[in-house]
Amino acid sequence: MKFETEIKPQLLTPVLVFPVNNSTDISLNPTLEWEAVENAVSYTLQVSLSNDFTDTLINETEIEETGFDVFDLSYSTQYYW
């Protein structure tokens, strides 16, 4: 009996391009941008008010581009993505 297994490539975590970590004074409707990951078919994006993501505002899957428009952020609020 012969078994074949498909080896899937290990994907890296995308690197955020914009906005830069710890940015201030960004638009309330930014386009989040990240570097493409080799062999990635799609991306998942989460935006949260907490760094442990227990208060998730956005949970988008199957994003095929390396950017995502976010709308209606609030002034003087820290977000995590």
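Heavy atoms only: backbone and side chains are in, while hydrogens, waters and symmetry mates are out. Worth saying up front: this structure is predicted, and the values here are computed from it rather than measured.
Of the listed residues (Ile63, Asn59, Thr61), just one forms a side chain to side chain contact (heavy atoms under 4.5 Å, CB included) with Leu45, and that residue is Ile63.
We find the CG-CG distance between Asp72 and Leu28 to be 8.5 Å, quoted to the nearest 0.5 Å. One finds the CD1 atom of Ile26 at 7.5 Å from the CG atom of Leu32 (value rounded to the nearest 0.5 Å). Between atom CD1 of residue Ile58 and atom OG1 of residue Thr44 there is a gap of 13.0 Å, rounded to the nearest 0.5 Å. For the atom pair OH of Tyr80 and CG of Leu49, the computed distance is 9.0 Å after rounding to the nearest 0.5 Å. Rounding to the nearest 0.5 Å places CG of Asp55 at 10.0 Å from OH of Tyr79. Atom CG of Leu16 sits about 8.0 Å away from atom OG of Ser23, to the nearest 0.5 Å.
When atom types are taken as modelled, the side chain of Thr77 and the backbone of Tyr75 share a donor-acceptor pair closer than 3.5 angstrom. Looking at Thr66, its side chain never comes within 3.5 Å of a backbone N or O of Ala36 through a donor-acceptor pair. Although no hydrogens or angles enter the test, the distance criterion places no donor-acceptor pair under 3.5 Å between the side chain of Thr56 and the main chain of Ser48.
Residues Phe53 and Leu73 do not share a hydrophobic cluster, defined by chaining ILVMFWY side chains whose heavy atoms lie under 4.5 Å apart.
Here the closest non-hydrogen pair linking Leu11 and Glu38 is CD2-O, 3.4 Å. The two residues Pro14 and Glu35 have their closest heavy-atom pair at CB-O, 4.0 Å. Scanning all heavy atoms of the two residues, the minimum distance from Ser27 to Asn29 falls at OG-N, 2.9 Å.
Counting heavy atoms of neighbouring residues, nucleotides and ligands inside a 6.0 Å radius, atom CD of Gln46 exceeds 12 of them.
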